[in-house]
Amino acid sequence: MPGIFRKCPFCGEDAILSNIEPDFSKGVFRRIFRCRNGHKFEEKSSFDEERKWVKDVFSELAEEFIKRAKE
């Protein structure tokens, strides 16, 4: 799913989203990713970007659920 996986900038392995935490003082969310080699890295996004990202991920999940339900 887009948004949940990233390539690790340190080793190139797939990394999965492990945590999302708000930083209200800066008005951003921090997405923390971890790869299987234990590297940890983060991305920051505004509250509006995060809201859109959550909507996109849930829309994709809903589409996949509907597709599987029809099978």
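Please read all numbers here as calculations on a predicted model, not as lab measurements.
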How far apart are the C-alpha atoms of Ile16 and Arg34, what are their side-chain angles, what is the distance that settles it, and do they pass the side-chain contact (heavy atoms from CB on, under 4.5 Å) test? CA-CA 6 Å; Ile16 189 163; Arg34 183 179 299 251; 5.6 Å; no
* To do: Any chance you could lay out the side-chain contact (heavy atoms from CB on, under 4.5 Å) test for His39 and Glu13, step after step, and finish with the verdict?
  => CA-CA 9 Å; His39 298 123; Glu13 289 286 334; over 6 Å; no
Worksheet entry | Cys8 and Phe33: CA distance, side-chain angles, deciding distance, side-chain contact (heavy atoms from CB on, under 4.5 Å) verdict | CA-CA 8 Å; Cys8 176; Phe33 294 87; over 6 Å; no
Go through it in stages, so that I can follow the logic: the residues are Asp48 and Lys52, the test is side-chain contact (heavy atoms from CB on, under 4.5 Å), and I'd like the CA-CA distance, side-chain angles, deciding distance and then a yes or no.
CA-CA 6 Å; Asp48 288 337; Lys52 182 185 178 314; over 6 Å; no
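Listed here is the closest heavy atom pair of Arg6 and Phe41: CB-CZ, 3.9 Å. Summarising the geometry of Cys11 relative to Cys35, their closest heavy-atom pair is SG-SG, 3.8 Å, with the distance given to 0.1 Å. Residues Lys40 and Phe10 approach most closely at O-CE1, 3.7 Å, considering heavy atoms.
Residues Phe65 and Val57 fall into different hydrophobic clusters, defined by Ile, Leu, Val, Met, Phe, Trp and Tyr side chains chained together at heavy-atom separations under 4.5 Å. Val28 and Val54 fall into different hydrophobic clusters, defined by Ile, Leu, Val, Met, Phe, Trp and Tyr side-chain heavy atoms under 4.5 Å apart, directly or through other members. Linking ILVMFWY residues whenever their side-chain heavy atoms come closer than 4.5 Å, directly or via other members, leaves Ile66 and Phe58 in distinct clusters. Hydrophobic cluster membership differs between Phe5 and Ile32, with clusters built from Ile, Leu, Val, Met, Phe, Trp and Tyr side chains linked at under 4.5 angstrom.
Arg51 contributes atom CZ, which lies 11.0 Å from atom OG of Ser45 (distance to the nearest 0.5 angstrom). Taking CD1 of Ile20 as the start and CH2 of Trp53 as the end, the distance is 4.0 Å to the nearest 0.5 Å.
One finds no salt bridge joining Lys67 and Glu71 here, because no Lys/Arg side-chain nitrogen approaches an Asp/Glu carboxylate oxygen to under 4.0 Å.
Shown here are the salt bridge (charged side-chain N to carboxylate O under 4.0 Å, His left out) partners of Asp23, two or more places apart in sequence or in another chain: there are none. Scanning for side-chain hydrogen bond (donor to acceptor under 3.5 Å, both in side chains) contacts around Lys44 gives an empty result, with sequence neighbours left out.
Under the 30°/60° scheme for interplanar angles, the aromatic rings of Phe47 and Phe29 are found to stand perpendicular.
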